[in-house]
Amino acid sequence: MSARFQAVQIGKGFGGFLVRRGLRVTALAGFVLLVMLGVVAFGGQGAYAASCPTVTPPKITFDFEPKSPQLDRNRSVRWLNSKTAHSAGWFVTGLTSYAMQAKFEMRIEPVALGNGTYCLLPALIHPTVSVTEHLVYIASELPKGSCEYDVVYAHEGQHVAINQHMELDIRNALPAYLAQVTDDFARMQPLPAQMASARIRNLLSKYGREFKALLAKIDATRQRDHARIDTAQEYERLSHACGPKSAFQTTLPAAMRR
């Protein structure tokens, strides 16, 4: 049986820090999941057995490829606002863009017991999670070291910390999930040859969906955490953090009108 591959994607979202026609910092979050599932060909006949042998621990590897956040100050406030959808009463002064790609590779080997029955054993479980983008944008009209720059930078730092906490949550959740997959096979009973191929396909699809659901659940927590710091009340407070006539009320609105 040839290898099968399935690609799926889970949602993208926005979050951020707004100023009422004076300040907003937004987080743009992207999350993509690619699941690769493998099936191997059936082997030859073996001695008959009434039950499956003890499951040999499969080869399990987990690769996490982090990416340090990078700062880009080459974008104007007008450019930032062109990239995001937001309330008409606010505009964007900073943006955090985050993207992650995940791959789940699994191989299941059918082992012939004789008399037309097979056991299914996991041979390889290999999830890979890669952070492909972690960018922080701050409007180029805000000079580095200014009060306004520091306010936006600090808020975006909170978004960065939320993204990095999600990465830690994934690292912590994967071992338990992989152990659960292995335990599933330890409880499986022999099955007739005519059922083996369909059972393998079902298992690969099942574990692919579960892996996707696990990451989606963790990502949903990240989105909620972003939303907690992206409120109208917080935007209002931060937009006045540098005084009543700061760049949030003068320089940036003027740049938006040009």
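Counting only heavy atoms from C-beta outward, the side chains of Arg199 and Leu120 approach each other to under 4.5 Å. Two residues are said to be in side-chain contact when any heavy atoms from C-beta on lie closer than 4.5 Å; Tyr207 and Tyr177 meet this criterion. For the pair Phe62/Pro175, no side-chain contact is recorded, criterion being any heavy-atom separation below 4.5 Å from C-beta on. In this structure the side chain of Gln233 never reaches within 4.5 angstrom of the side chain of Glu236, judged on heavy atoms. The side-chain heavy atoms of Leu252 and Met256, taken from C-beta on, include no pair separated by under 4.5 Å. Put simply, the side chain of Pro122 does not reach to within 4.5 Å of the side chain of Lys59, judged on heavy atoms. Residues Met100 and Glu167 are in side-chain contact: their nearest non-hydrogen atoms beyond the backbone lie under 4.5 Å apart.
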Between Ser205 and Arg201, does a side-chain hydrogen bond (donor to acceptor under 3.5 Å, both in side chains) hold up when you go through it step by step? CA-CA 6 Å; Ser205 178; Arg201 288 193 296 269; over 6 Å; no
Start with the C-alpha distance between Asn163 and His159, add both sets of side-chain angles, then the distance that settles side-chain hydrogen bond (donor to acceptor under 3.5 Å, both in side chains), and finish with yes or no.
CA-CA 6 Å; Asn163 293 333; His159 285 296; over 6 Å; no
#### Entry: Derivation and outcome, side-chain contact (heavy atoms from CB on, under 4.5 Å), residues His126 and Lys103
CA-CA 8 Å; His126 183 197; Lys103 180 176 66 175; 5.7 Å; no
Between Val129 and Glu65, is the side-chain contact (heavy atoms from CB on, under 4.5 Å) condition met? List the steps. CA-CA 6 Å; Val129 178; Glu65 301 171 5; over 6 Å; no
Asp169 and His165: side-chain contact (heavy atoms from CB on, under 4.5 Å), yes or no, with the steps? CA-CA 6 Å; Asp169 288 344; His165 191 275; 3.3 Å; yes
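Few gaps surround NZ on Lys206; more than 12 heavy atoms of other groups in view lie less than 6.0 Å from it. No more than 12 heavy atoms of other residues, nucleotides or ligands sit less than 6.0 Å from atom OH of Tyr153.
When hydrophobic clusters are built by joining Ile, Leu, Val, Met, Phe, Trp and Tyr residues whose side-chain heavy atoms come closer than 4.5 Å, directly or via intermediates, Leu168 is not grouped with Phe211. At a threshold of 4.5 Å between side-chain heavy atoms, the hydrophobic network of Ile, Leu, Val, Met, Phe, Trp and Tyr places Ile170 and Val131 in one connected group. If you chain together hydrophobic residues whose side chains sit under 4.5 Å apart, Met188 and Leu124 never meet in one group.
With rounding to the nearest 0.5 angstrom, the OH atom of Tyr235 is 10.0 Å from the OG1 atom of Thr93. Of the inter-residue distances, the one linking Tyr118 atom OH with Cys52 atom SG reads 13.0 Å to the nearest 0.5 angstrom. Interatomic distance, Thr96 OG1 to Leu135 CG, rounded to the nearest 0.5 Å: 9.0 Å. Here the CG atom belonging to Leu121 is positioned 11.0 Å from the OG1 atom belonging to Thr182, to the nearest 0.5 angstrom. Atom OG of Ser140 sits about 9.5 Å away from atom CG of Asp72, to the nearest 0.5 Å. For the atom pair CG (Leu178) and OG1 (Thr61), the distance works out to 9.0 Å, reported to the nearest 0.5 Å.
Minimum heavy-atom separation, Ala255 to Arg78: O-CD, 3.2 Å. Among all heavy-atom pairs drawn from Ala139 and Leu80, the shortest one is N-CD1, 3.7 Å. The minimum heavy-atom distance linking Pro127 with Phe104 is given by the pair CB-CD1, 3.8 Å. The two residues Met106 and Phe185 have their closest heavy-atom pair at CE-CE1, 3.6 Å. Ile125 and Pro58 make their closest contact through CD1-CG, 4.0 Å (heavy atoms, listed as atom of the first residue, atom of the second, distance). For the residue pair Val77 and Glu141, the shortest heavy atom distance occurs at N-OE1, 3.1 Å.
Note on ring orientation: taking the six-membered ring where Trp is involved, the planes of Tyr98 and His134 are perpendicular (angle over 60°, cut-offs 30° and 60°). Between Trp79 and Tyr137, the ring planes are tilted. Angles from 30° to 60° get that label.
Under a 3.5 Å cut-off, the side chain of Asn81 and the backbone N or O of Val92 do form a donor-acceptor pair. Under the 3.5 Å distance criterion, the side-chain polar atoms of Gln249 are matched with a main-chain donor or acceptor of Ser239. His155 places no side-chain N or O within donor-acceptor distance of the main-chain N or O of Val151, the cut-off being under 3.5 Å. Judged purely by atom type and a 3.5 angstrom limit, Asn202 uses its side chain to pair as donor or acceptor with the backbone of Ala198. Using modelled atom types, no side-chain atom of Arg73 and backbone atom of Ile138 make a donor-acceptor pair closer than 3.5 Å. Between the Ser130 side chain and the Thr132 main chain, no donor and acceptor come within less than 3.5 Å of each other.
Ionic pairing of Asp225 and Arg222 is not present here: no N-O contact between side-chain nitrogen and carboxylate oxygen is shorter than 4.0 angstrom.
Partner Val152 forms a side-chain contact (heavy atoms from CB on, under 4.5 Å) with one of Leu95, Leu238, Leu142 and no other, that one being Leu142.
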